A.B. asks: 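Here it is, the structure, as structure tokens.
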Amino acid sequence: MKNKHFTDARRRLLEKLYDHLNDMQKQAVFTVNGPLLILAGAGSGKTTVLVNRIAYMIRYGNAYMSNEAPDGVTDADTKILENALTLPKEEAAATLDAYIAEADRIPAWSILSITFTNKAANEMKQRLEKMVGSENAAQIWSGTFHSVCIRLLRRFGERIGYPRGFTIYDADDQKRLMTAVIKDSGTDDKMFSPKSVLSYISRQKDELLTPEACAKEAKDYRTSKYAELYKEYQKRLTSANALDFDDIIMQTVRLLREDDDALSYCQNRFRYVCVDEYQDTNHAQFVLTSLISAKYRNLMVVGDDDQSIYRFRGADIENILNFDREISDAKVIKLEQNYRSTKPILDAANAIIKNNQGRHGKNLWTQREDGEKVSLRRLSNQSEEARYIVDTITELKRAEGRSLSDFAILYRMNAMSNNLEGAFNRSGIPYRILGGLRFYERKEIKDILAYLCVINNPSDNLRLKRIINEPKRKIGDATVNAVEELAGYHGLSMFSVMRNASDYPALAKAAPKLTEFTSLILGLQEIAGAENLDVLIDKVLDLTGYRSMLKAISGEEGETRLENVNELISNAVEFTMTHEEASLSDFLEEVSLVSDIDNYDPSAEAVVMMTVHSAKGLEFPVVFLPGMEEGIFPSQLSSYEPEELEEERRLAYVAVTRAKEHLFITHSKERLLYGKSQYNKLSRFVSEIPEELFDTPPEKDLPSRRASDIVISTSKPKPKIADEMLKKPFTPGFVNPAAGKAEHFDAGDVVEHPVFGVGMVISAKSVGPDIMYEIAFDNSGTKKMMGTYAKIKRHIGA
DNA sequence: AGTCAGTCTCCTTCA
DNA sequence: GAGACTGACT
């Protein structure tokens with residue numbers, strides 16, 4: 001009984017310590033052990049929960065749920081805790097601290113926290129530092145899927161054929177490589193564009209399919225050609241010791257499946273795994289988290305199925321929809337209280353999203369009953385629309401004393417920024433555009449980085465080809481091709497062939513130019529060994545003639561490009577200052593992993609514009625949504641498939657829920673897009689919002705919504721055969737033997753489930769030690785479930 | 001090797 | 001309507 005009194009008092013005290021959270025948030029924080037799904041609606045304080053939960057684990061372990069009291073506690077101790085309830089929080093916390101055994105606290109190094117962007121990871125680190133101290137914070141493994149996987153590959157990659165110095169190819173590198181692959185294979189590049197092949201490969205890698213598996217599944221000319229190109233592409237990647245972004249995940253999964261040491265290292269170390277933005281994970285990432293958390297099963301995933309907007313790049317919403325079905329003992333907590341938006345905005349968002357079928361279903365509510373209605377305006381064309389937005393911002397700034405940083409304009413596609421930009425330029429209001437061409441994708445930056453890559457690793461043929469004649473040094477395609485061929489024939493890198501160019505008769509004429517280039521690089525290598533990064537970049541610009549080339553470009557363009565290059569030098573200075581051993585290869589790695597949104601500064605005095613996709617996770621007092629028209633939002637391309645349309649609706653939901661205080665929706669009678677005039681109807685998503693939420697009702701002279709405009713999804717879309725074919729497991733050697741004594745089923749078996757009834761197994765694939773079945777139930781649609789937990793048995797009967 | 005004119009394409013994007 | 005790419009010409 002003593003124990004119970006003590007643990008009750010401890011619980012009450014913990015509740016007090018976390019009384020700045022609501023009940024659901026507290027539950028989420030206090031649930032430390034076992035599988036946990038947190039469905040966090042937009043603006044429901046998700047990050048707060050994540051940070052508080054980790055801080056709680058480190059400081060108090062599992063104290064709230066535990067019924068164990070420390071040895072030798074007496075009624076007097078219980079009294080002390082009860083008295084602490086009246087103390088100020090900090091003293092109360094200190095009192096409780098004294099009753100937590102060191103062994104019961106969860107060590108920071110055993111926590112793995114995965115986020116979606118670097119920005120989210122950094123934010124989290126900063127907040128954690130304040131709560132648990134920098135020493136603890138530094139021990140938590142936190143980062144994006146990619147950064148975590150790279151750390152693992154740097155450590156264990158050698159075991160699966162990736163020595164430490166591997167490089168990462170970005171989209172541009174990939175495209176260059178694929179262009180070469182297509183050309184060399186003699187494939188008709190009209191039918192197989194680099195873009196389409198790369199996107200195919202990316203989807204395959206998301207699904208963990210190797211080139212061999214793809215070849216086996218291929219059922220027609222097109223798919224077998226794809227598989228063939230995939231195979232050659234992968235071969236060249238591997239021989240360059242390079243990985244593309246999808247490889248980073250896929251090869252880490254392969255590492256964990258093939259190498260027991262790596263797997264047990266991860267499983268034993270990461271006893272607590274947290275994954276943010278779970279609705280946007282793909283199959284490979286799902287398998288990765290399953291593998292890592294399989295031993296201790298302390299897996300917490302957070303996300304919002306209503307904000308899943310990355311289907312087009314392989315995200316599988318089923319991961320979050322089925323989490324609690326696959327893992328029957330998973331606890332589910334819904335965070336539905338919204339702290340961000342006023343009621344009209346939230347009601348509008350709810351009204352839109354409730355039209356989706358495939359969702360967990362939740363209803364956001366707010367205590368803020370007040371708030372301005374949603375503004376809806378129709379303008380005659382897109383210039384008028386842009387002017388309306390600029391005028392409104394000017395007026396709100398004057399009338400409400402708002403700062404420019406309060407305003408955001410969110411659009412469906414980057415092409416829409418043009419008119420807005422023009423209007424802002426004319427008005428003189430400062431603005432910033434996020435997205436579009438990223439800093440590190442600019443040509444001059446990529447060129448300089450290519451120089452650095454070659455200095456760092458002269459056998460990087462791809463980067464070498466990029467800069468060999470940039471600035472122009474009279475080394476033409478013919479010469480480059482000859483070098484490449486010789487390199488391939490002799491099994492050497494292009495650089496070493498060039499270095500000894502005079503040894504090859506075929507290069508006799510170009511030899512002086514080639515050796516001049518290699519001496520340049522070798523000279524820069526010496527500088528790299530002796531000087532700081534910024535000095536090196538400066539020397540690269542001087543000695544290669546790149547700076548004088550930029551200076552020679554007349555007008556504004558040369559200037560901006562010089563500015564960009566100088567910006568890169570400042571980045572290098574900053575990197576040198578913030579990293580103790582700032583090596584060239586570390587810098588290159590960091591650079592390849594940053595994105596635009598990571599650099600977004602919300603306090604800058606300027607209006608910000610970006611796509612709705614980029615705005616996920618952000619919030620603004622005033623939001624403008626231009627172009628809410630059929631064919632734009634939802635986009636034309638999405639209107640054919642119900643699933644695509646649901647994704648667009650989720651995107652609209654994300655857009656609306658970014659606004660805190662005032663939402664402006666505009667649409668235009670006429671819109672010039674891609675050089676053609678369009679006359680679009682009001683977006684169906686706007687029509688889904690009840691009229692009373694608008695300041696003025698939608699204009700009636702527009703053709704109103706017709707029943708035929710609304711695509712009604714079937715309750716659970718049956719899987720398409722094509723998709724099933726693609727989801728077959730890895731090559732056989734890749735698959736771990738399934739553990740457990742549960743009965744094993746194969747595709748085609750008819751099974752029975754206590755809730756879902758009779759169904760047929762569509763696929764069975766190994767996921768770590770378990771098997772994931774995909775079962776098409778006769779009356780309940782298709783479900784994915786894990787073999788160990790699913791209560792299925794063989795169906796006996798006619 | 002470099003330039004220019006004509007042709008083609010065009011959603012969203014993270015690491 | 002703008003940027004990327006291609007092919008012919010200098």
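By convention in this document, chain letters (A, B, ...) are assigned in the order of the sequence lines, proteins followed by strands, and residues within each chain are numbered from 1. Please read all numbers here as calculations on a predicted model, not as lab measurements.
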A.B. asks: Side-chain atoms of residues 175-183 of chain A: list all donor-acceptor pairs with protein atoms under 3.5 Å, sequence neighbours left out, distances to 0.1 Å.
C.D. replies:
unit_1, atom_1, unit_2, atom_2, d
A:Arg176, NE, A:Asp172, OD2, 3.2
A:Thr179, OG1, A:Lys175, O, 2.5

A.B. asks: Does OP1 or OP2 of B:dT13 have a side-chain N or O of A:Ser614 closer than 4.0 Å?
C.D. replies: yes
A.B. asks: Mapping A:Arg473 and A:Glu648 onto DNA chain B by nearest heavy atom, which one lands closer to the 5' end?
C.D. replies: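 Per heavy-atom nearest nucleotide, the more 5' residue is A:Arg473.
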A.B. asks: Counting just side-chain N and O atoms, does A:Asn414 come under 4.0 Å of either OP1 or OP2 of B:dC11?
C.D. replies: no
A.B. asks: What nucleic acid atoms does A:Lys676 come within less than 4.0 Å of, heavy atoms only: base, sugar-phosphate, or nothing?
C.D. replies: nothing
A.B. asks: Between C1' on B:dC14 and CE on A:Met610, what's the gap in Å once rounded to a whole number?
C.D. replies: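 That distance rounds to 15 Å.
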A.B. asks: So which nucleotide from B:dT12, B:dA15, C:dG1 ends up closest to the side chain of A:Thr117?
C.D. replies: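 Looking only at heavy atoms from C-beta outward on A:Thr117, the closest nucleotide is B:dA15.
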A.B. asks: Quick one: which of B:dC14, B:dT12, B:dG2 gets closest to the side chain of A:Asn469?
C.D. replies: B:dG2
A.B. asks: Measuring from the side chain of A:His146 (C-beta onward, heavy atoms only), which nucleotide among C:dG1, B:dC11, B:dA15 has the closest atom?
C.D. replies: B:dA15
A.B. asks: For the side chain of A:Thr144, counting heavy atoms from C-beta on, which of B:dT12, C:dG1, B:dA15 is nearest?
C.D. replies: B:dA15
A.B. asks: May I ask you to evaluate whether A:Lys175 reaches the phosphate of C:dC5, defined as a side-chain N or O under 4.0 Å from OP1 or OP2?
C.D. replies: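 Yes, such a contact exists.
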A.B. asks: Between A:Thr611 and A:Ala478, which is nearer to the 5' end of DNA chain B once each is assigned its nearest nucleotide?
C.D. replies: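 Checking each residue's closest nucleotide, the 5'-ward one belongs to A:Ala478.
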A.B. asks: Regarding A:Phe145, tell me which of base, sugar-phosphate or nothing describes its non-hydrogen contacts under 4.0 Å with the strands shown.
C.D. replies: nothing
A.B. asks: Which nucleotide in the list C:dA2, B:dC10, B:dA15 gets nearest to the side chain of A:Lys195?
C.D. replies: B:dC10
A.B. asks: Is it true that the side chains of A:Ser199 and A:Ser202 contain a donor and an acceptor less than 3.5 Å apart?
C.D. replies: no
A.B. asks: Please give, in whole Å, the distance from B:dT13 C1' to A:Arg203 CZ?
C.D. replies: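 One finds 10 Å between C1' of B:dT13 and CZ of A:Arg203, rounded.
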A.B. asks: Would A:Phe312 count as stacking on B:dC11 if stacking means ring centres less than 5.5 angstrom apart and planes tilted under 30 degrees?
C.D. replies: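 The base of B:dC11 is not stacked with A:Phe312 (the test needs centres under 5.5 Å and planes under 30°).
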A.B. asks: Just call it for A:Lys616: base, sugar-phosphate, or nothing, with non-hydrogen atoms closer than 4.0 Å on any strand.
C.D. replies: nothing
A.B. asks: Tell me, please, whether A:Phe116 has A:Lys616 positioned over its six-membered ring: NZ or CZ under 6.0 Å from the ring centre and within 45 degrees of its axis?
C.D. replies: yes
A.B. asks: For the side chain of A:Arg313, counting heavy atoms from C-beta on, which of B:dT13, B:dA15, B:dT12 is nearest?
C.D. replies: B:dT13
A.B. asks: For the pair A:Asn425 (side chain) and A:Glu421 (backbone), establish whether a donor and an acceptor sit closer than 3.5 Å, ignoring hydrogens and angles.
C.D. replies: yes
A.B. asks: Please identify each residue that fulfils ring pair (Phe, Tyr, Trp, His ring centres under 6.0 Å) with A:Phe575, with sequence neighbours left out.
C.D. replies: A:His579, A:Phe587
A.B. asks: Give the rounded distance in Å between these two atoms: CG of A:Leu651 and P of B:dT12.
C.D. replies: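 Distance check: A:Leu651 CG to B:dT12 P gives 11 Å.
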A.B. asks: Quickly work out the A:Lys509 NZ to B:dA1 C1' distance and round it to whole Å.
C.D. replies: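 In whole Å, B:dA1 C1' and A:Lys509 NZ are 11 Å from each other.
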